[in-house]
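Some notes on the structure that comes next.
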Amino acid sequence: MFKKIKSKSMAFLLAMTLLTGCSPTSLSTNSSIAASTSSNDNSILEFNAQENIVIGTVRHGPAAQPEYAEDGITPLPLEYSGGTLTIPYKASVEGLSVDIGFLVFWDGVPVAYDVGEGTDVSYLHTFSQTEGEELEFSIRFMPTGNAGETHTITFASIYNPYYKPDMKSSSGYGAYHNMLCCSRSVYLTVSPDDTTPNEASASIHDFTVAQEELTHHFIKDELSAFYGCEELTMEELDKTVRFAEFIDGTAVFDNYLLKEDPVTIDFCLFGTDGKEYAVTFFVDHKPAFETQLLTVEKGMVTRLSVSIDPSEIEQSATIYFIAVPLDSDGYAEKSSSILLYKQ
C-alpha cells in the first residue's frame, strides 16, 4: 500500500489533531489564516486571528466518548471485532451554516467509505449543516491488518469542499477548504473478514520521487516565498519539518493557468531527521496516485513531482496535498488548495 521513500510535513493550513476528538475550527470573514491559543481551549484555529473576527466554529469527532487509560489522559483504542468497521460520528457548527466534507485515512492512507447501508462508496462525503443542528452519521469501511495489531484512523473535514474560484469575482480559496483533523487508534481483535478495500473512482497521474541536497541556495532563494518572514537556517530546519510547493518551478498559492504543455507540480519536504509521513496528492478531492510513505532525512530535500497534462482537466480542478504523520507526535496537515484552470 505504501511505497517507501523519504519526506516532510506541511505548513499552510494547520490541522490540530487530538487523540480524544476533533478540535474546533473558527472561521472569519477575512481570508488570512493564523493559529491561536486560548487559555480555555488550546485547539482553536482562527482565520485572521490578528483582528479576531470570528464568524463560526466547526467541531467533529466520534460520537462515543472515549474510555481512558489509568493516567486519565490517554484514550483507549476503539475495538474492531469483525465485519465492516462502523464508527458513529457527529459534527456541529456554531455561528454559520456550512457544507462540510469528510475524508478518512487508515494509517495515513485515504480510504473509500460509505455513511450507511446502501449509500455510495466515496473518498469524500459532503453534508450541508445548519447552525445549531448536530449532524450524525456512520463511517463504514473494511479495515486492513491482522488480529492483535493497533492502527490509526484519521478523520479530516474540509470546509466548503466544492467551492472553486470563478477567476472573475474571486481568484483564490480564502477561508474555504480549511482542514480540521482528529485521530484515534483502533485495535483489531480479529483479522478483517475481507481484505479487499472499498472501491471508488480516482484520478491517476504519473509521479516521481527524488532526493537532492538541501543547499543554502534552496533555503534563501526558493523558500523565500513561503518563509520569507523567518530566518531559516540549516540549524533551524534540523528542529522542525517544513514543506514547499511549486508549479513549473514557481511558488503558487491560489491558481495557475494551464496552457498546452503538461505542468509539473513539485512537493518538497525537508527538516527533522527521521520523521515519517504518508503523503497523498488529491485532484478534486480524489487521490491521484498511491499514497507515498516519506521519511525526512537530515540535509536532504525530498521532491515528490506530479505531471498533469491539461487534456486531463476539463475546465478546472482543485489540487492539494495532505500529509499524515506516522507517529503520535505531529498533526495531519494540508497544503493550500490551488485551482488549475483553462481560459
Side-chain angles (χ1 to χ4, degrees), residues 1-2 15-24 43 58-92 100-125 127 134-158 179-200 276-278 280 287 291 293 322-332:
M1 186 168 292
F2 285 123
M16 306 296 289
T17 307
L18 303 180
L19 290 176
T20 57
C22 284
S23 56
S43 60
V58 177
R59 302 172 185 267
H60 63 84
Q65 290 295 319
E67 297 181 10
Y68 291 92
E70 293 182 359
D71 60 11
I73 299 174
T74 306
L76 296 175
L78 302 171
E79 288 194 358
Y80 168 78
S81 56
T84 299
L85 175 62
T86 301
I87 300 177
Y89 210 77
K90 63 182 180 180
S92 62
I100 305 177
F102 291 92
L103 297 165
V104 176
F105 299 81
W106 183 257
D107 292 335
V109 178
V111 295
Y113 66 101
D114 66 58
V115 294
E117 193 73 40
T119 60
D120 292 338
V121 173
S122 178
Y123 288 101
L124 180 82
H125 287 270
F127 302 89
E134 186 166 88
L135 172 68
E136 296 183 355
F137 60 98
S138 292
I139 291 173
R140 298 161 25 102
F141 65 96
M142 185 63 68
T144 58
N146 298 302
E149 296 176 347
T150 299
H151 297 261
T152 300
I153 186 170
T154 300
F155 312 95
S157 65
I158 305 292
M179 184 179 80
L180 172 68
C181 290
C182 67
S183 298
R184 291 290 302 274
S185 56
V186 179
Y187 178 74
L188 304 184
T189 60
V190 298
S191 296
D193 302 324
D194 182 4
T195 58
T196 303
N198 287 337
E199 293 186 359
E276 291 187 311
Y277 291 84
T280 305
T291 295
L293 176 60
I322 291 179
V324 182
L326 298 185
D327 58 33
S328 59
D329 184 22
Y331 306 116

If you take all heavy atoms of Ile100 and Ser157, which pair is closest and at what distance? CG2-CB, 3.7 Å
Of all residues at least two apart in sequence or in a different chain, which pass the ring-ring contact (aromatic ring centres under 6.0 Å, His included) check with Phe127? Phe137
Sorted by chain and number, sequence neighbours left out, side-chain hydrogen bond (donor to acceptor under 3.5 Å, both in side chains) with Glu149 holds for Asn146, His151
Looking only at heavy atoms, what is the nearest atom pair of Ala147 and Ser191, with distance? N-OG, 3.0 Å
Taking atom OG of Ser138 and atom OH of Tyr89, what is their separation to the nearest 0.5 Å? 12.0 Å
For Asp114 and Gly116, work out which heavy atoms get closest and say how close. OD1-N, 3.1 Å
With sequence neighbours left out, what residues match His125 under side-chain hydrogen bond (donor to acceptor under 3.5 Å, both in side chains)? none
For Ala63, what residues pass the side chain to side chain contact (heavy atoms under 4.5 Å, CB included) criterion, not counting sequence neighbours? Pro88, Lys90
Just jot down the side chain to side chain contact (heavy atoms under 4.5 Å, CB included) partners of Leu78, sequence neighbours excluded, or say none. Ile87, Arg184, Val186
So OG1 of Thr86 and OH of Tyr113: to nearest 0.5 Å the spacing works out to 13.5 Å
Looking only at heavy atoms, what is the nearest atom pair of Thr154 and Ser183, with distance? OG1-OG, 2.9 Å
By side chain to side chain contact (heavy atoms under 4.5 Å, CB included) - contacts of Thr189 (at least two apart): Glu79, Ser81, Tyr187
Provide the full list of salt bridge (Lys or Arg N to Asp or Glu O under 4.0 Å) pairs with a residue in residues 115-124, sequence neighbours left out, each pair given once. Glu117-Arg140
Could you tell me the separation between the CZ atom of Phe102 and the OG atom of Ser122, rounded to the nearest 0.5 Å? 13.5 Å
If you take all heavy atoms of Met179 and Ala332, which pair is closest and at what distance? CE-O, 3.7 Å
On a heavy-atom basis, which atom in Phe155 and which in Pro62 lie closest, and how many Å separate them? CE1-CG, 3.9 Å
Could you state the interatomic distance from CG (Leu180) to CD1 (Ile158), rounded to the nearest 0.5 Å? 9.5 Å
Checking side-chain contact (heavy atoms from CB on, under 4.5 Å) for the pair Ile322/Phe105: CA distance, chi angles, key distance, verdict? CA-CA 10 Å; Ile322 291 179; Phe105 299 81; 3.8 Å; yes
List in chain and number order the residues that pass side chain to side chain contact (heavy atoms under 4.5 Å, CB included) with Val111, two or more places apart in sequence or in another chain; answer none if no residue qualifies. Val104, Trp106, Phe141
Can you sort out the partners of Asp327 under salt bridge (charged side-chain N to carboxylate O under 4.0 Å, His left out), two or more places apart, ordered by chain and number? Lys275
Between Leu293 and the options Leu326, Val109, Asp107, the side-chain contact (heavy atoms from CB on, under 4.5 Å) test singles out Leu326
Here the gap from Leu76 atom CG to Glu70 atom CD, rounded to the nearest 0.5 Å, amounts to 9.5 Å
Is there side-chain contact between Thr291 and Pro110, with at least one heavy-atom pair below 4.5 Å? yes
